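All values derive from a computational prediction rather than experimental measurement.
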Amino acid sequence: QVQLVESGGGLVQAGGSLRLSCAKSGSALNINAIGWYRQAPGNQRELVAAINNGGTTNYADSVKGRFTISRDNAKNTVYLQMNSLKPEDTAVYYCNAGTYYTGSYYRSRDYWGQGTQVTVSS
């Protein structure tokens with residue numbers, strides 16, 4: 001089984017930065033990547049960024065150039081560095097353990113963290 005614990009959310013002004021962390025423990029078949037999702041009130045959960053075990057990444061168009069996903073394999077932790085934050089980035093952010101396929105397709109699996117709130121004020 002896989003367990004995920006997020007940290008690093010908070011309140012920040014527009015234009016500011018936050019770094020989220022996702023600490024992973026355990027293992028499971030078909031798990032070779034971590035994805036960061038977010039869900040704002042009234043919206044569906046959406047994929048923000050993903051990174052596989054080899055360091056290959058992909059990003060949602062809405063965050064390209066502002067967010068960076070990275071991993072520290074020694075610490076089993078994935079980070080989401082968020083810069084130039086906008087009010088529309090306000091959401092609960094979740095990390096997910098899933099499968100990264102050739103062609104930059106990320107498929108979520110049923111391993112989710114508890115979520116961390118990010119609020120960006122204007």
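Thr119 and Gln117 form a side-chain donor-acceptor contact under 3.5 Å, judged by distance and modelled atom types alone. Under the 3.5 Å distance criterion, with hydrogens and angles disregarded, no donor-acceptor pair is assigned to the side chains of Ser121 and Gln13.
Within the 4.5 Å cutoff, side-chain heavy atoms of Trp112 are placed close to those of Arg45. Within the 4.5 Å cutoff, the side chain of Ile51 has heavy atoms near those of the Val78 side chain. Asp89 places a side-chain heavy atom less than 4.5 Å from the side chain of Arg38. A 4.5 Å side-chain heavy-atom check between Tyr79 and Thr68 finds every atom pair outside the cut-off. With a 4.5 Å cut-off on side-chain heavy atoms, Leu85 and Leu18 count as touching.
The shortest heavy-atom contact between Ala49 and Leu80 is CB-CD1, 4.2 Å. Taking each heavy atom of Asn30 and Arg109 in turn, the nearest pair found is CB-NH2, 3.9 Å. Across all their heavy atoms, Thr57 and Tyr59 have their closest contact at OG1-CE1, 3.7 Å.
Around the CG atom of Asp110, the shell of radius 6.0 Å holds no more than 12 heavy atoms that belong to other residues, nucleotides or ligands.
For the side chain to side chain donor-acceptor pair (under 3.5 Å) test with Asn96, the passing option among Trp36, Tyr106, Tyr37 is Tyr106; the others fail.
A salt bridge between Asp61 and Lys64 is present, with a side-chain N of the basic residue lying under 4.0 Å from a carboxylate O of the acidic one.
Residues passing the side chain to side chain donor-acceptor pair (under 3.5 Å) test with Gln81 are Asn83, sequence neighbours excluded.
To the nearest 0.5 Å, atoms CD1 (Ile34) and NZ (Lys24) are separated by 6.0 Å.
At least one donor-acceptor pair under 3.5 Å links the side chain of Asn32 to the backbone N or O of Tyr100.
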